[in-house]
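What follows is a short report on a single structure.
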Amino acid sequence: CDGLNKLKKFLEKNTTWAQNRTIKELRKCLANSDVIVSIWQEKEILGFGRAISDGIYRCVLWDIVIDQNYQGKGYGTIIVNSLLKDKKVNKTKKIYLMTSNKKDFYKQFNFKEVFSQDLLVREI
């Protein structure tokens, strides 16, 4: 559970959108993810990302986060490349991701902005 506590604090420190996730919710989120990648330095988490995929048609990359003190050092590239190389992801016909302010970063991985579709969200 120590790793989950560290992940919770890491997400709260480095995101605006993952502020109130509980340990129970994080445990379920990770259990239902197909691919999880994290980077640690000793006992501190520096980077994290995950993916959910059907293995053939669609995959979504989620929660790609690098500690604000370690951005620009290549850790984001390691996380994304690791996710994209995973066997559950790498043969998927379409890989989606959403970002608030890093779309230029993802262009190096051949992600392109899509204007032909609208993003719809249903929250509970």
With sequence neighbours left out, what residues match K107 under salt bridge (charged side-chain N to carboxylate O under 4.0 Å, His left out)? D104
Quick one, V37 with D86, criterion side-chain contact (heavy atoms from CB on, under 4.5 Å). Give me CA distance, side-chain angles, the key distance, then yes/no. CA-CA 10 Å; V37 177; D86 187 273; over 6 Å; no
Nearest non-hydrogen partners of S33 and I52, listed with the distance: CA-CG1, 4.2 Å
State which residues pass ring pair (Phe, Tyr, Trp, His ring centres under 6.0 Å) with Y96; sequence neighbours excluded, sorted by chain then number. none
Going by heavy atoms in the side chains, are V80 and L97 under 4.5 Å from each other? no
Side-chain donor or acceptor of K6 paired with backbone N/O of K43 under 3.5 Å: yes
Residues in side chain to side chain donor-acceptor pair (under 3.5 Å) with E44, at least two apart? none
Would you say the side chain of L11 lies within less than 4.5 Å of the side chain of L26, judging by non-hydrogen atoms? yes
Check: R50 main-chain N/O paired with D63 side-chain donor or acceptor under 3.5 Å: no
Looking at E25 and R21, what are the two nearest heavy atoms and their distance? OE1-CA, 3.5 Å
Hey, what else clusters with L120 if you join Ile, Leu, Val, Met, Phe, Trp, Tyr whenever side-chain heavy atoms sit under 4.5 Å? none
At their closest point, which heavy atom of S38 faces which heavy atom of I45, and how far apart are they? CB-CD1, 4.3 Å
Can you list every pair that meets side chain to side chain donor-acceptor pair (under 3.5 Å) and has a residue in residues 112-124, with sequence neighbours left out? K103-E113
Do S53 side-chain atoms and K88 backbone N/O form a donor-acceptor pair below 3.5 Å? yes
Distance from T15 atom OG1 to E12 atom CD, nearest 0.5 Å? 8.0 Å
Close side-chain approach of I95 and L83, heavy atoms under 4.5 Å: no
So, using salt bridge (charged side-chain N to carboxylate O under 4.0 Å, His left out) as the criterion, who are the partners of K13 when residues are at least two apart? D67
The side chain to side chain donor-acceptor pair (under 3.5 Å) partners of Q71 (sequence neighbours excluded) come to none
Mind checking what makes side chain to side chain donor-acceptor pair (under 3.5 Å) contact with K91, not counting sequence neighbours? none
Do you know which two heavy atoms are closest between A51 and V89, and how far apart they sit? CB-CG2, 4.0 Å
The remaining residues in the hydrophobic cluster of I124, counting side-chain heavy-atom contacts under 4.5 Å among Ile, Leu, Val, Met, Phe, Trp and Tyr, are none
Atom OG1 of T99 and atom CD1 of I64: how far apart are they, to the nearest 0.5 Å? 8.5 Å
Check the hydrophobic clustering (I, L, V, M, F, W, Y; side-chain heavy atoms under 4.5 Å; chains of links allowed) and say if I66 and L61 are grouped together. yes
Does atom CG of N20 have more than 12 heavy-atom neighbours from other groups under 6.0 Å away? no
I23 and N5: CA distance, side-chain angles, deciding distance, side-chain contact (heavy atoms from CB on, under 4.5 Å) verdict: CA-CA 7 Å; I23 296 297; N5 284 320; 3.2 Å; yes
Which residue pairs pass the ring-ring contact (aromatic ring centres under 6.0 Å, His included) test with at least one member in residues 33-88, sequence neighbours excluded? none
Residue list, ring pair (Phe, Tyr, Trp, His ring centres under 6.0 Å) with F109, at least two apart or on another chain: F105
Partners passing salt bridge (charged side-chain N to carboxylate O under 4.0 Å, His left out) against K73 (at least two apart in sequence or in another chain): none
